[in-house]
Amino acid sequence: MIAGLFRTVAALRSAKALHPRGAVVEGTLVRSGLRRATGVPWIDEPGVDEVLVRFSRGGGLPEPLPDVHGIALRTTSPDGDPWDLLLATTLGRRVPWPRRRVEGVLHSSIAAFAAPCGPLLVGARSHEGGYLLAVAAPRGPWRVFAALHLDRDPARAPDRTLTFEPVLHAVPGLAIPPWWQRVREPGYAGSREGRRRSAGR
């Protein structure tokens with residue numbers, strides 16, 4: 001049912017079922033790491049990553065209507081494999097929520113990852129033209145581990161044909177819980193099939 005719905009919407013739009021249009025910006029993620037480790041090396045250890053970031057509106061609604069805003073971030077492993085992370089504006093930490101503006105608004109992973117330290121949320125907030133990335137236990141305080149610096153203003157950036165796959169390209173140590181995979185993967189699969197069908201018309 002989920003796959004069929006996403007397939008139909010993607011075919012009608014000739015684009016992704018959700019977040020159909022956006023802006024892709026290159027950036028640099030400066031990881032400061034954490035003193036109290038999570039068991040996820042990418043979060044715990046300092047480093048610098050060149051990243052691609054896609055900013056989008058989940059329903060594809062035109063401004064100034066409120067929409068669920070998304071941040072899709074892609075970095076790569078030392079071997080060149082993609083690691084994808086998706087965040088969305090929320091009410092609290094767990095409920096996707098439409099917003100008119102994103103300045104100072106929390107973007108959250110919504111579902112907690114199964115990390116070595118236990119359930120772990122990833123979040124981001126705008127900061128000085130970029131974003132601060134942080135992690136938290138579902139009821140714990142946010143702890144900043146990285147600063148995202150963007151190469152250009154997303155409002156002036158074009159979109160690109162990119163497909164982010166947070167289930168297939170998960171950051172090592174940030175395991176997506178099985179129940180969340182069961183919810184998300186049919187939607188992603190249906191959206192991919194719908195776009196293929198649309199392209200074949």
**OP:** Kindly determine whether Leu29 and Thr75 satisfy side-chain contact (heavy atoms from CB on, under 4.5 Å), including the steps that lead there.
**Re:** CA-CA 9 Å; Leu29 189 71; Thr75 184; 5.9 Å; no
Distance, nearest 0.5 Å, that separates [atom1] of [X] from [atom2] of [Y]:
X: Arg99; Y: Leu91; atom1: CZ; atom2: CG; result: 6.5 Å
X: Phe164; Y: Leu86; atom1: CZ; atom2: CG; result: 7.5 Å
X: Ile43; Y: Leu174; atom1: CD1; atom2: CG; result: 4.5 Å

With a 4.5 Å heavy-atom cut-off, do [X] and [Y] have their side chains touching?
X: Val40; Y: Pro116; result: yes
X: Val122; Y: Val171; result: no
X: Leu162; Y: Leu52; result: yes
X: Phe55; Y: Leu150; result: yes
X: Arg54; Y: Asp159; result: yes
X: Ile71; Y: Val102; result: no
X: Pro96; Y: Ile110; result: yes

Original post:
Judged by atom type as modelled, is there a donor-acceptor pair below 3.5 Å linking the side chain of Thr89 to the main-chain atoms of Trp97?
Top reply: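 Yes, because the side chain of Thr89 sits within donor-acceptor range (under 3.5 Å) of the backbone of Trp97.
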**OP:** Quick one: which residue pairs count as a side-chain hydrogen bond (donor to acceptor under 3.5 Å, both in side chains) with a foot in residues 63-73, not counting sequence neighbours?
**Re:**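 Matches after skipping sequence neighbours: none remain.
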Can you see which heavy atom on [X] is nearest to which on [Y], and at what distance?
X: Pro20; Y: Gly59; answer: CD-C, 4.4 Å
X: Cys117; Y: Leu120; answer: SG-CD1, 4.1 Å
X: Gly123; Y: Leu87; answer: C-CD1, 4.2 Å
X: Val25; Y: Ala157; answer: CG2-CB, 3.7 Å
X: Gly39; Y: Asp44; answer: N-OD2, 2.8 Å
X: Pro138; Y: Pro119; answer: CD-O, 3.5 Å

Original post:
Is the ring centre of Trp42 less than 6.0 Å from the ring centre of Phe145?
Top reply: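 Yes.
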Is there a path of hydrophobic side-chain contacts, each under 4.5 Å between heavy atoms, that joins [X] and [Y]?
X: Val144; Y: Val51; answer: no
X: Val68; Y: Tyr131; answer: no
X: Val167; Y: Phe113; answer: yes

Subject >> Trp83 atom CH2: more than 12 heavy-atom contacts under 6.0 Å >> reply: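 Buried by this count: over 12 neighbours within 6.0 Å.
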Name all pairs fulfilling the salt bridge (Lys or Arg N to Asp or Glu O under 4.0 Å) condition that reach into [range], sequence neighbours left out, sorted by first residue then second.
range: residues 25-41; result: Glu26-Arg160, Arg31-Asp49
range: residues 69-94; result: Arg74-Asp84
range: residues 144-158; result: none

**OP:** Give the other cluster members for Leu121, using side-chain heavy-atom distances under 4.5 Å between Ile, Leu, Val, Met, Phe, Trp and Tyr residues; answer none if it is isolated.
**Re:**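 Leu106, Trp142, which link up through side-chain heavy atoms under 4.5 Å apart, make up the rest of the cluster.
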Subject >> Those residues that, when tested against Ser108, pass side-chain hydrogen bond (donor to acceptor under 3.5 Å, both in side chains) (two or more places apart) >> reply: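 None.
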